[in-house]
> 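Once you've had a glance at the structure underneath, I'll fire off some questions.
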Amino acid sequence: MKVIYSDGKTGECPKEDELHVIRHTAAHILAQAVKRLYPTASFAYGPATEKGFYYDIDLGDAKLSETDLETIETEMRKVIKENLQIKPFILPREEALKLMKERNEPYKVEHIADLAENEPISFYQQGEYIDMCTGPHLTYTGTLKAFKLTYISGAYWKNDCKNKMLTRINGTAFATAKELDEFIKLQEEAERRDHRKIGKDMQLFMFSDEGPGFPFFLPNGMTIKNSLLEYWREIHRQNGYQEISTPLIMNRRLWETSGHWDHYKDNMYATEIDDEPYCIKPMNCPGAVMVYSTQPHSYRELPIRLAEIGTVHRHELRGTLHGLFRVRCFTQDDAHLFMRKDQIAETITDVVRIINEVYTKFGFEYYLELSTRPEDSMGSDEDWEAATNGLKDALNKMNLPYTINEGDGAFYGPKIDFHLKDCLGRTWQCGTIQLDFQMPLNFDLTYVDENDDRQHPIMIHRVCFGSIERFIGILTEHYAGKFPVWLSPVQAKVLLVSKKSEEYAGYIYKMLKDANIRCELDNRNEKIGYMIRQAQYTERVPYMIIIGEKELENQNISIRTRDSKTVSMSPEEFLEKITTEIRDRV
RNA sequence: GCCGCCGUGGCUUAGCGGUAUAGCGGCUGAUUCGUAAUCAGCAGGUCGAGGGUUCAAAUCCCUCCGGCGGCUCCA
């Protein structure tokens, strides 16, 4: 694929950069079309992204809605049909500024001001349209073959909520129409996996207008949650964690001491009890700290691992709520570890190992992010540096790749975040490991060292699932609702072909029930196809047991799985199979 | 919180100035049936809430509430 660079030379584009160039050029064509339709529009950033491209545009008073996308697409096709040559040119800073001012592009002017002095500034022109850009680009607008505008959203200038909100037009582009079609099909498939839709189908959870962002778990969802927690408790017991439970509401004094009142107040729900101010916990740490501080500790006991399935409430902004992924009340599979300085690396390694074990069990891929000191935070620079290096060392020792997210740590310490992908490729933070030198100081936590001196322990805050709600949401999309048997709300469902074999079906049902299998019986006067439709495609039951005269006669059962395959076996054989699967959590 | 869109029975939805469509689901009856849609009948809606315009509002306007897609933020 031929592209043109900012120095005016054309060349063959490296294969791996092709899509990026196509999309970037699509963004320019989008801008040109918008400028034709809205002559007063001025343009901010318009990059190619992982899934397409967008352009942030200031449309003044004009409002754009999704239906306008068609008009813009039509205009873009005109630009493509005109097959304009795309020509770069370079200007010195002053002239670049002058050009952008003349063309009424205040955002580009501001952008130039952010660039290094003396840096020559490149532009690309196609017909009447000029954009400041480093390139490279396609050589002619006519070489853009497959694009689609997808949606409109708002976006702050320079991603800062203090700045003006611009209109972001999103689109995608590919080298061929076939690839674009595949992309659209994939998106549609992803929408079918949406945990909110599946959650409704399978009756896992719900929301009420009486509590936006506060999820209700329905019986089926509760089964999944409890199965996950059972697994979680098993792993944590094996790894030396002790489980505690701490109050949901505590006196504001506690939150002032912990630093939450200073640094996290905006997210906290407050109330009053007997004329005293109280807060509903947004985090579990102060509770664990209370438990630690209730007794003196020796260096020999450390690390102490206090786990808590703790429900927290946080006032999140309305616009951020999203199914189970972003809620205002969620349950963390939390743990707070208290340790000596010399135990940091070893303890963190151990925590990472557990989280990795859990994620691997579900077949998740994840990526790690190390977040450093935020502006609004407490503690000395030395402590922050030591804590950050502690996390880095552990990651490096384990050879784990990670990216650094500057300034995104908790207010009390830096953190390692585990990010998981949802069905649309958006990533969500789930597990996190936070190293904290501050809270033990704030609460004056101590242990007695080998010289009989009092020392402050260091704390780790960590979650593995993160929020159980979010984790179940991710799991739902990951499995498209076809949960493994050990998590499935209904593990087997007996479907009756006709009343003639009702007694035998009842016998099979009872056998499974008695063996503690989560089993249901469908003995309605319905055709078998109808029952299968409901069991397999709505309830997503892993094993459908079909019972009719044939089975009665052979004293066996027919097992249909969610991939529509059917096999026959003896009831005992099936019981053995499903019991093993549940026990081994496969 | 900000930008845009949306809100009709349990679910999906038609209607977009003359007081409500249909399908699925539910219930009842018939059918007794072999691996995703048998037939018939019935029930179920103060069209998110409040206010306004109008002879007349699900439909137009305003406010609020809730949802969706993003932005910001986060587990």
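Every chain is numbered from 1, with letters handed out A, B, ... down the list of sequences.
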> In terms of relative ring orientation, are A/H28 and A/Y55 parallel, tilted or perpendicular, with 30° and 60° separating the classes?
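Ring orientation, 0 to 90° scale: tilted.
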
> Is a donor-acceptor pair below 3.5 Å formed from side chain A/Y537 to base B/A36, judging by atom type as modelled?
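Answer yes: a donor N or O sits under 3.5 Å from an acceptor.
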
> Nearest to the A/D408 side chain among B/C74, B/A37, B/U35, which nucleotide is it?
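Among the listed nucleotides, the one closest to the side chain of A/D408 is B/C74.
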
> If we call it a pair only when both distances are under 3.5 Å in a Watson-Crick or G-U wobble match, what pairs with B/U13?
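Looking at the geometry, B/U13 pairs with no nucleotide.
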
> Nearest-Å distance, CZ (A/R314) to P (B/A75)?
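In whole Å, B/A75 P lies 6 Å from A/R314 CZ.
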
> Between B/C3 and B/A36, how far apart are the C1' atoms? Round to whole Å, please.
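These two C1' atoms come out 42 Å apart once rounded.
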
> Would you say the base of B/G69 stacks on A/Y151 (centre-to-centre below 5.5 Å, plane angle below 30°)?
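No.
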
> Using both distances under 3.5 Å as the test, list the Watson-Crick or G-U wobble partner of B/A58, or none.
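Pairing partner, where one exists within any strand: none, as none qualifies.
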
> Report yes if a side-chain nitrogen or oxygen of A/R196 is closer than 4.0 Å to either non-bridging phosphate oxygen (OP1 or OP2) of B/C68; otherwise report no.
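A/R196 to B/C68 OP1/OP2: side-chain N or O found under 4.0 Å.
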
> If you round to the nearest 0.5 Å, how far is OG1 of A/T403 from NE2 of A/H419?
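The NE2 atom of A/H419 sits 7.0 Å away from the OG1 atom of A/T403.
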
> Is there a donor and acceptor pair, one atom on the side chain of A/Y156 and one on the base of B/G1, closer than 3.5 Å?
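Between B/G1 and A/Y156, which were checked side chain against base, a qualifying N/O pair under 3.5 Å is present.
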
> Regarding A/D209, tell me which of base, sugar-phosphate or nothing describes its non-hydrogen contacts under 4.0 Å with the strands shown.
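Sugar-phosphate, no base atom in range.
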
> Taking OP1 and OP2 of B/U38, is either one under 4.0 Å from a side-chain nitrogen or oxygen of A/K527?
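For B/U38, OP1/OP2 do have a side-chain N/O of A/K527 under 4.0 Å.
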
> Is the NZ or CZ atom of A/R470 positioned over A/F325's six-membered ring, under 6.0 angstrom from the centre and within 45° of the axis?
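No, a cation-pi geometry is absent between A/R470 and A/F325.
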
> With sugar-phosphate meaning primed atoms plus P, OP1 and OP2, does A/I532 contact a base, only sugar-phosphate, or nothing at under 4.0 Å between heavy atoms?
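A/I532: base contact, heavy atoms under 4.0 Å.
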
> Quick one: label A/Q203 by what it contacts on the DNA or RNA (base, sugar-phosphate, nothing), any heavy atom closer than 4.0 Å.
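If one applies the 4.0 Å heavy-atom cut-off, A/Q203 turns out to touch nothing in the nucleic acid.
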
> Show, in sequence, the C-alpha distance, side-chain angles and deciding distance for A/C279 and A/I249, and conclude whether the side chain to side chain contact (heavy atoms under 4.5 Å, CB included) test is met.
CA-CA 6 Å; A/C279 295; A/I249 304 177; over 6 Å; no

> Pick base, sugar-phosphate or nothing for A/R168, based on heavy-atom distances below 4.0 Å to the nucleic acid.
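Since only primed, P, OP1 and OP2 atoms lie under 4.0 Å of A/R168, the category is sugar-phosphate.
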
> Under 4.0 Å, counting only non-hydrogen atoms across every strand here, what does A/L64 touch: a base, just sugar-phosphate, or nothing?
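Sugar-phosphate contact only.
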
> What interatomic distance, in whole Å, is found between P of B/U31 and the corresponding atom of B/G50?
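One P to the other, the span is 48 Å.
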
> B/C33 phosphate, OP1 or OP2: any side-chain N/O from A/K499 under 4.0 angstrom?
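Looking at the OP1 and OP2 atoms of B/C33, neither is under 4.0 Å from any side-chain N or O of A/K499.
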
> When the distance from OH of A/Y54 to C1' of B/C71 is rounded to whole Å, what number comes out?
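Atom-to-atom, A/Y54 to B/C71, this comes out as 10 Å.
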
> Would you indicate what A/Q429 reaches in the nucleic acid, counting non-hydrogen atoms under 4.0 angstrom: base, sugar-phosphate, or nothing?
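The residue A/Q429 makes sugar-phosphate contact but no base contact.
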
> Examine B/C71: is either OP1 or OP2 under 4.0 Å from a nitrogen or oxygen in the side chain of A/K158? Give yes or no.
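Looking at the OP1 and OP2 atoms of B/C71, neither is under 4.0 Å from any side-chain N or O of A/K158.
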
> Between the base of B/G66 and the side chain of A/E210, is there any donor-acceptor pair under 3.5 Å?
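Under the 3.5 Å cut-off, the side chain and the base do not form any donor-acceptor pair.
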
> Evaluate the side-chain proximity of A/E66 to A/L69: yes if any heavy-atom separation is below 4.5 Å, no if none is.
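Yes. Closest side-chain heavy atoms under 4.5 Å.
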
> In the structure shown, which nucleotide is the Watson-Crick or G-U wobble counterpart of B/U32, with both distances under 3.5 Å?
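Here B/U32 is not engaged in any pair, so there is no nucleotide opposite it.
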
> What is the nucleic acid contact for A/K500, judged by heavy atoms within less than 4.0 Å: base, sugar-phosphate only, or nothing?
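Sugar-phosphate, no base atom in range.
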
> Could you check whether A/N159 gets within reach of a base, just the sugar-phosphate, or nothing at all, counting any heavy atom under 4.0 Å?
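Answer is sugar-phosphate: A/N159 comes under 4.0 Å of backbone atoms only.
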
> Is the phosphate of B/C74 approached by A/H419 (side-chain N or O, under 4.0 Å from OP1 or OP2)?
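Checking B/C74 against A/H419, no side-chain N or O comes under 4.0 Å of OP1 or OP2.
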
> Can you tell me how far P of B/U12 sits from CD of A/E191, to the nearest Å?
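A/E191 atom CD is separated from B/U12 atom P by 14 Å.
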
> Is there a Watson-Crick or G-U wobble partner for B/U53 with both distances under 3.5 Å, and which nucleotide is it?
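Per the H-bond distance test, none.
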
> If you define the side chain from C-beta out and look only at heavy atoms, does anything of A/F214 sit under 4.5 Å from A/V327?
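The answer is no, as the side chains (C-beta and beyond) never meet within the 4.5 Å cut-off.
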
> Look at all strands and tell whether A/K197 reaches a base, only sugar-phosphate, or nothing, counting heavy atoms closer than 4.0 Å.
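No contact at all - A/K197 keeps every heavy atom at 4.0 Å or more from the nucleic acid.
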
> Consider the side chain of A/T320, meaning its heavy atoms from C-beta on, and name the nucleotide among B/C73, B/C2, B/G66 that approaches it most closely.
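Side chain of A/T320 sits closest to B/C73.
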
> Pairing check on B/G45: which nucleotide meets the Watson-Crick or G-U wobble criteria with it, both distances under 3.5 Å?
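Result: none.
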
> Assign A/R462 to base, sugar-phosphate, or nothing according to its heavy-atom contacts below 4.0 angstrom with the strands shown.
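Contact class for A/R462: none.
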
> Report the distance from atom NE2 of A/H322 to atom P of B/G70, rounded to the nearest whole Å.
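From A/H322 NE2 to B/G70 P: 7 Å.
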
> What about A/R470: does its side chain form a donor-acceptor pair under 3.5 Å with the base of B/C74?
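Side chain to base: pair found, below 3.5 Å.
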
> Roughly how far apart, to the nearest Å, are B/A57 and B/C47 at atom P?
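The same atom, P, in both gives a distance of 12 Å.
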
> Look through every strand shown and name the nucleotide pairing with B/G25 as Watson-Crick or G-U wobble, where both distances are under 3.5 Å.
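The base-pairing partner of B/G25, which may sit in any strand shown, does not exist here.
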
> For a quick check, tell me whether the side chain of A/R326 and the base of B/C73 share a donor-acceptor pair closer than 3.5 Å.
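Such a pair is found, so the answer is yes.
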
> Remember a base hit wins even if backbone is also touched, and classify A/V463 as base, sugar-phosphate or nothing at under 4.0 Å, heavy atoms.
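Nothing, no heavy atom under 4.0 Å.
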
> Say you pick atom P in B/C39 and the same atom in B/U46; how far apart are they, in whole Å?
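Rounded to whole Å, the distance is 30 Å.
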
> Choosing from B/G67, B/U35, B/C71, which nucleotide comes nearest the side chain of A/A155?
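That would be B/C71.
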
> Regarding A/V327, tell me which of base, sugar-phosphate or nothing describes its non-hydrogen contacts under 4.0 Å with the strands shown.
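The answer is base, as A/V327 lies within the cut-off (heavy atoms under 4.0 Å) of a base atom.
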
> What distance, rounded to whole Å, do you find between the two P atoms, one in B/U59 and one in B/U54?
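Their P atoms lie roughly 16 Å apart.
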
> Would you mind classifying the nucleic acid contact of A/G529 as base, sugar-phosphate or nothing, using non-hydrogen atoms under 4.0 angstrom?
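Since only primed, P, OP1 and OP2 atoms lie under 4.0 Å of A/G529, the category is sugar-phosphate.
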
> Paired with B/C68: which nucleotide, if any, by Watson-Crick or G-U wobble criteria at under 3.5 Å for both distances?
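Its partner is B/G4 (Watson-Crick or G-U wobble, both distances under 3.5 Å).
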
> Expressed as a whole number of Å, how far does the C1' atom of B/G45 sit from that of B/G9?
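Those two atoms are separated by 5 Å.
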
> Have a look at A/E549 and say if it touches a base, only the backbone sugar-phosphate, or nothing, with a 4.0 Å heavy-atom cut-off.
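Since a base atom lies under 4.0 Å of A/E549, the category is base.
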
> So, do A/T388 and A/L370 sit near enough that their side-chain heavy atoms are less than 4.5 Å apart?
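Sidechains of A/L370 and A/T388: in contact.
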
> Please give the distance between the C1' atoms of B/A40 and B/G67 as a whole number of Å.
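That atom pair is separated by 38 Å.
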
> Would one find a side-chain N or O of A/R524 under 4.0 angstrom from OP1 or OP2 of B/G25?
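For B/G25, neither OP1 nor OP2 has a side-chain N or O of A/R524 closer than 4.0 Å.
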
> For the C1' atoms, the ones on B/U38 and on B/U32, what distance do you get once it is rounded to whole angstrom?
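So the two C1' atoms sit 12 Å from each other.
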
> In terms of side-chain heavy atoms, does A/Q434 have a donor or acceptor partner in A/R462 at a distance below 3.5 Å?
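The answer is no; no qualifying pair exists.
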
> Side chains of A/L30 and A/I72: closer than 4.5 Å at any heavy-atom pair?
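A side-chain contact under 4.5 Å exists here.
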
